[in-house]
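A, B, ... follow the sequence lines: proteins, then strands. Residue 1 opens every chain.
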Number of protein chains: 2
Amino acid sequence: MDEPPKGRRSVRADGARTRAAILHAAARLASVDGLEGLTIGRLAADLTMSKSGLYAHFGSKVELQLATIEEAAGVFAAEVVGPALAAQPGRGQLLALCDAYLDYLRARTFPGGCFFAAAALEMGSRPGPVRDRIAAFQHELMGITSGFVHAAHQHGDLLDDSPVALAFEINGQFLAANAGFNLTDDPGVLDLAAMILHRRLDAPTAGSITGSPT
Amino acid sequence: MDEPPKGRRSVRADGARTRAAILHAAARLASVDGLEGLTIGRLAADLTMSKSGLYAHFGSKVELQLATIEEAAGVFAAEVVGPALAAQPGRGQLLALCDAYLDYLRARTFPGGCFFAAAALEMGSRPGPVRDRIAAFQHELMGITSGFVHAAHQHGDLLDDSPVALAFEINGQFLAANAGFNLTDDPGVLDLAAMILHRRLDAPTAGSITGSPT
DNA sequence: CCTACCGATCGGTAGG
DNA sequence: CCTACCGATCGGTAGG
């Protein structure tokens, strides 16, 4: 009766899978109850495990919150930023970002709506490492968006003043779409936001989108 | 040693003053900690009174939350909607609304930023009477804003498509201004939002603003 | 990953 | 408006 190493999955791999399951549940809970309202007791009950089991993975609530943010950031990168990065630089890339964000809301990727919109509002006036991480994410997203605007300018696709201002404007429509959809449960809100964003990004020099050579 | 009725303020008036003090503190606390994070214990400590003293005014936490929303709605009406209602119908009325909102943020009327932006995000996915009241407020504000847009159309001041769409757009800039200001503490965020809104509302048929007769 | 426990705080009530 | 109290839950620890 030997125990070959492949007979059981390694403890390390089991731990990693448990950790992933915890963070998946934590991100979903936090989108509804907030990062502060996320309690270790409820999370443990949700996973049918003990509270101290959670403390084996995360030494404190703050560490759990920070890990949960990383989990949500991964989802956001995959669902929203990824599709936009895959698009060609230009006006279409900005539209891809907007459509991906609205699809991410429509799909109810997180049951409480956009994880980061909720977190930004909740932590905005609560100093500490959690708020700092959320602020850094928001700053990063604004940087990516204004980078897309800059690229569209280079591409001659879009006439506008400041990339920072347009990124701010787009972010505002994201926030309005998230808040409106959460409060009304009406997908028409997302359609309205899409219409506004598409009209806003209608290039004065439109027509150069389809003509990209090999 | 008689006790003339005017010798002490009426119990009713004292109660009303205490209630007002409670709600003032509650609205400020809730803007930071959320309507759910507002606890009766902390609120009592903040007012140096006992928890049961609070229960004499509000029978339950939900009733306290609802009363706190009414308090905040009164502040919002006085600080934001009031100045806009005082303005002449037209493009200038919409700008007055925007400027009043941004001033209300700049003044840190509530220490945690806009009470209703925070509440809308927090309660969006938490069914119940508190969420319903927040949703009604948001709906009311959108109605007021789109009414201003409609009036500006009548006044020939502003060319635009749907009042609902423009109200949605403006609301999005409010949310972005609130979130950005809360996260960065940088008043430049408010200046950026003001610039965006003023440029957005620049009438294609500008010039008819100053010519209103007696 | 567990049981068993800690002090603190939660919303709420009894009785005055 | 108070003291005194209730059961439940909080974040966290000891020890295994």
Side-chain angles (χ1 to χ4, degrees), chain A residues 3 7-27 29-30 32-69 122-123 126-131, chain B residues 3 7-27 29-30 32-69 122-123 126-131:
Chain A
E3 294 177 14
R8 57 158 167 64
R9 295 177 181 98
S10 84
V11 169
R12 201 161 263 156
D14 276 349
R17 230 174 303 115
T18 301
R19 185 187 156 97
I22 293 170
L23 291 178
H24 181 78
L29 274 178
V32 173
D33 296 322
L35 274 165
E36 216 59 38
L38 169 68
T39 74
I40 290 164
R42 261 203 299 263
L43 180 56
D46 199 78
L47 293 157
T48 52
M49 76 191 299
S50 68
K51 288 200 302 170
S52 61
L54 287 176
Y55 276 99
H57 289 272
F58 314 96
S60 70
K61 183 172 178 178
V62 167
E63 284 185 50
L64 171 64
Q65 290 172 317
L66 291 172
T68 301
I69 293 171
E122 181 191 6
M123 305 307 301
R126 292 167 158 273
V130 177
R131 172 214 167 129
Chain B
E3 296 177 9
R8 57 158 167 65
R9 294 176 180 98
S10 85
V11 169
R12 202 161 263 156
D14 276 347
R17 231 174 304 115
T18 301
R19 185 186 156 97
I22 293 170
L23 292 177
H24 181 77
L29 273 179
V32 174
D33 296 323
L35 274 165
E36 215 62 34
L38 169 68
T39 74
I40 290 165
R42 262 202 299 260
L43 180 55
D46 199 78
L47 293 156
T48 52
M49 76 190 301
S50 68
K51 288 200 303 171
S52 61
L54 287 177
Y55 276 99
H57 289 272
F58 315 95
S60 70
K61 183 172 178 178
V62 167
E63 284 186 49
L64 170 64
Q65 289 172 316
L66 291 172
T68 301
I69 293 170
E122 182 191 6
M123 305 307 299
R126 292 167 159 271
V130 177
R131 171 211 166 131

Work out which heavy atom in [X] is nearest to a heavy atom in [Y]; give both atom names and the distance.
X	Y	answer
A:Leu47	A:Ala21	CD2-O, 3.9 Å
B:Met123	B:Arg131	O-CG, 3.3 Å
A:Pro129	A:Leu66	O-CD2, 3.9 Å

Give the residues of residues 32-45 of chain B touching DNA chain D, defined as any heavy atom closer than 4.0 Å, sorted by residue number. none
Which dot-bracket string fits DNA chain C when only Watson-Crick or G-U wobble pairs with both atom distances under 3.5 Å count, crossing pairs get [ ], and | stands for a partner on a different strand? ||||||||||||||||
Is it the case that the side chain of B:Glu122 and the backbone of B:Leu35 share a donor-acceptor pair, with hydrogens and angles ignored and the cut-off at 3.5 Å? yes
Round to a whole Å and report the spacing from CG of B:Leu29 to C1' of C:dC10. 15 Å
Please state how far atom CG in A:Leu47 lies from atom C1' in C:dC2, giving the value in whole angstrom units. 15 Å
4.5 Å side-chain heavy-atom contact, A:Phe58 and A:Ile22: yes
Side chains of A:His57 and A:Glu63 in contact at under 4.5 Å (non-hydrogen atoms): no
Out of curiosity, B:Ser52 OG to B:Ile40 CD1, how far, rounded to the nearest 0.5 Å? 11.0 Å
Stepwise, does the side chain to side chain contact (heavy atoms under 4.5 Å, CB included) test hold for A:Leu38 with A:Arg42? CA-CA 7 Å; A:Leu38 169 68; A:Arg42 261 203 299 263; over 6 Å; no
Could you walk me through whether A:Asp33 and B:Arg126 pass the side chain to side chain contact (heavy atoms under 4.5 Å, CB included) test, one step at a time? CA-CA 8 Å; A:Asp33 296 322; B:Arg126 292 167 159 271; 3.0 Å; yes
Could you check which residues of residues 49-65 of chain B get a heavy atom under 4.0 Å from DNA chain C? Sort them by number, please. B:Lys51, B:Ser52, B:Tyr55, B:Ser60, B:Lys61
Worked check of side chain to side chain contact (heavy atoms under 4.5 Å, CB included) between A:Leu54 and A:Leu43: CA-CA 9 Å; A:Leu54 287 176; A:Leu43 180 56; 4.0 Å; yes
